[in-house]
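I have placed the structure first, in the form of structure tokens, so that the comments after it can refer back to it.
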Protein chains: 2
Amino acid sequence: MARAGLTTKRLIQAGADLADESGFDQVTVSALARRFDVKVASLYSHLKSSQDLKTGIALLALEELADRGATALAGRAGKDALIALANVYRDYAGEHPGRYAAAQLKLTPEAAAASAGSRHSQMTRAILRGYDLTEPDQTHAVRLLGSVFHGYVSLELSGGFSHSAPDSQESWTSILDALDALLRNWPAQQ
Amino acid sequence: MARAGLTTKRLIQAGADLADESGFDQVTVSALARRFDVKVASLYSHLKSSQDLKTGIALLALEELADRGATALAGRAGKDALIALANVYRDYAGEHPGRYAAAQLKLTPEAAAASAGSRHSQMTRAILRGYDLTEPDQTHAVRLLGSVFHGYVSLELSGGFSHSAPDSQESWTSILDALDALLRNWPAQQ
DNA sequence: CCATTTGCCTAAACCCTTTAGGCAAATGCA
DNA sequence: TGCATTTGCCTAAAGGGTTTAGGCAAATGG
């Protein structure tokens, strides 16, 4: 009988595609086995567990996002960079909702350390070089931007802004304008 | 044999407690049956499905959050109100992580319409009465605040800000200061 | 070309979901 | 109080996901 050519990498890629097509909660070892037309148990030579698969998809998504971010930031600064990175998150979530959902998984400390998580905060910090913030405000601003990007995209994805005026795109643009203004005029310590 | 006295309401309450104790993904009809020392099938007289249970927990959490918000906003305006409502979300998520996770469930349009969701946007809008914003900026600001509250709390809950200086509380305070400043100086249309 | 490694298989145990049908406790009405 | 009805929890069973153990055949390599 011919072999299917399974590898951990191919399984995680296919799992990510499955997540985008059917939702991250539909990602199961069984569904993946069906997709490769292979028996379920066969996947356990390549995956430690179902959790392992999900973590793999999360790490893949974080890498892809970081790669896109790095490309988007190249040659940009200030508001330009802010908008570019913000759109990376929003567009990625729109194109890959399952992968994006996976990226929200709570990782174990080890997995988190091995993830592209630090690249993400580095990128946000890079944007802030175009503004005049010093520590600890810079860290506060990194956390604010992370919160807005993640919060907005996740509310948009769960349908919070649909079917109500104004358009989500309009709010997004306006919010990025507002964040830029805020970063240029970060309030002094109270 | 004595009866256990199950009702839909009690089941959903217990499910919410279970979520807070063990995580929302550990909420199953089976686990709930064990908690009441009852056979699994018995719960299906009170719950349509496992999904129904989860939706019920989400709706409960949204109600509780809205109730806390209404209490916190009473008699407050401006920055005071902003801080009070923001802390409602953050504190609730800290005290009830499982319930908070449930509240992020993507609801069906019918469930969403029957939920306390609109109370939440009304509360945020109420805060903005203390600032000088007119439509459509007010809606943009509502969406920004929703994004920051949800985004920050969810990043904090998933461990994003732990084990790194400065303290999360410090960033939270600073971010709320910054949002207040931003709302007082919302940039004019570009 | 044969030995070893590797990959996918069958089999089986365990848990969660959901429906169908039954018996006993609670309720309500005379 | 006594009986009929309703209601609540039960047993049974089917279906699907996870995971481990052990086996055979295909690929690999000396």
Side-chain angles (χ1 to χ4, degrees), chain A residues 1-60 98-99 101-102 105-108 110-111, chain B residues 1-60 98-99 101-102 105-108 110-111:
Chain A
M1 207 170 288
R3 296 189 176 185
L6 307 179
T7 65
T8 301
K9 191 171 180 178
R10 282 189 67 199
L11 288 174
I12 288 174
Q13 291 271 357
D17 293 343
L18 178 58
D20 286 334
E21 290 160 25
S22 318
F24 184 57
D25 51 333
Q26 299 303 310
V27 173
T28 63
V29 179
S30 295
L32 208 50
R34 280 192 291 275
R35 176 162 289 220
F36 281 94
D37 201 27
V38 133
K39 298 296 170 180
V40 185
S42 306
L43 301 201
Y44 281 84
S45 314
H46 307 279
L47 302 170
K48 275 202 286 292
S49 66
S50 177
Q51 188 55 47
D52 190 48
L53 168 63
K54 288 169 187 162
T55 299
I57 297 173
L59 295 177
L60 172 66
R99 280 167 158 88
L105 256 196
K106 188 165 179 169
L107 299 174
T108 62
E110 311 84 66
Chain B
M1 207 170 287
R3 295 189 175 184
L6 306 179
T7 64
T8 302
K9 192 172 178 177
R10 282 190 67 200
L11 289 173
I12 288 173
Q13 290 270 359
D17 294 343
L18 177 59
D20 286 335
E21 291 160 24
S22 317
F24 185 57
D25 51 333
Q26 299 302 308
V27 174
T28 63
V29 178
S30 294
L32 207 50
R34 280 192 292 275
R35 174 163 291 220
F36 281 93
D37 201 26
V38 133
K39 297 296 170 179
V40 185
S42 306
L43 302 201
Y44 281 84
S45 315
H46 307 279
L47 302 171
K48 277 202 284 294
S49 65
S50 177
Q51 187 55 46
D52 190 48
L53 168 65
K54 288 169 188 164
T55 300
I57 297 173
L59 295 177
L60 172 68
R99 281 168 158 88
L105 256 196
K106 189 166 179 169
L107 299 174
T108 62
E110 312 86 66

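A note on names: the letters A, B, ... follow the listed sequences, proteins ahead of strands, and every chain is numbered from 1. Quick caveat, the model's predicted, so the values are computed rather than measured.
- The phosphate of C:dT6 has neither OP1 nor OP2 within less than 4.0 Å of any side-chain N or O from A:His46.
- Taking atom CG of B:Leu53 as the reference point, atom P of C:dC16 lies 14 Å away to the nearest angstrom.
- Looking only at side-chain heavy atoms (C-beta outward), A:Lys48 and A:Leu53 stay at 4.5 Å or farther from each other.
- The distance between atom NZ of B:Lys39 and atom C1' of C:dT18, rounded to the nearest whole Å, is 16 Å.
- Rounded to whole Å, the distance from CG on B:Leu32 to P on C:dC15 is 18 Å.
- Counting only heavy atoms from C-beta on, A:Ser49 has its side chain closest to D:dT19 among D:dT19, C:dC8, D:dC10.
- With D:dC9, C:dC16, D:dT18 as the choices, the nucleotide that has an atom nearest any side-chain atom of B:Arg34 turns out to be C:dC16.
- Considering only side-chain N and O atoms, B:Ser45 lies nowhere under 4.0 angstrom from the phosphate OP1 or OP2 of D:dG8.
- Counting heavy atoms from C-beta on, the side chains of A:Leu105 and A:Gln51 come closer than 4.5 Å.
- Nucleotide D:dT18 holds its P atom 14 Å from the CG atom of B:Asp25, rounded to whole Å.
- Using a 4.0 Å cut-off, some side-chain N or O of A:Ser42 falls inside it from OP1 or OP2 of C:dC9.
- Taking 4.5 Å as the limit, every side-chain heavy atom of A:Leu32 sits out of range of all side-chain heavy atoms of A:Val27.
- When the nucleotides D:dT18, D:dC9, C:dC16 are ranked by their closest atom to the side chain of A:Val29, D:dT18 comes out on top.
- Going from atom OH of B:Tyr44 over to atom P of D:dA13 covers 19 Å, rounded to whole Å.
- Base engagement by B:Ala41 is indicated by at least one non-hydrogen atom pair under 4.0 Å involving a base atom.
- Annotation: side chain of A:Leu59 is in contact with side chain of A:Leu107 (closest heavy-atom distance under 4.5 Å).
- Here B:Ser30 lies in heavy-atom contact (under 4.0 Å) with a base.
- Rounded to whole angstrom, the span from the CD atom of B:Gln26 across to the C1' atom of C:dT17 amounts to 16 Å.
- Nearest to the side-chain atoms of B:Leu6 among the listed nucleotides C:dC16, D:dC9, C:dC8 stands D:dC9.
- Rounded to whole angstrom, the span from the CG atom of A:Leu43 across to the C1' atom of C:dT6 amounts to 16 Å.
- Spacing between atom CD of A:Gln51 and atom P of D:dT19 amounts to 9 Å, rounded to whole angstrom units.
- Ranking C:dT17, D:dC10, D:dT20 by closeness to the B:Val40 side chain, first place goes to C:dT17.
- The side-chain heavy atoms of B:Gln13 and B:Leu60, taken from C-beta on, include a pair separated by under 4.5 Å.
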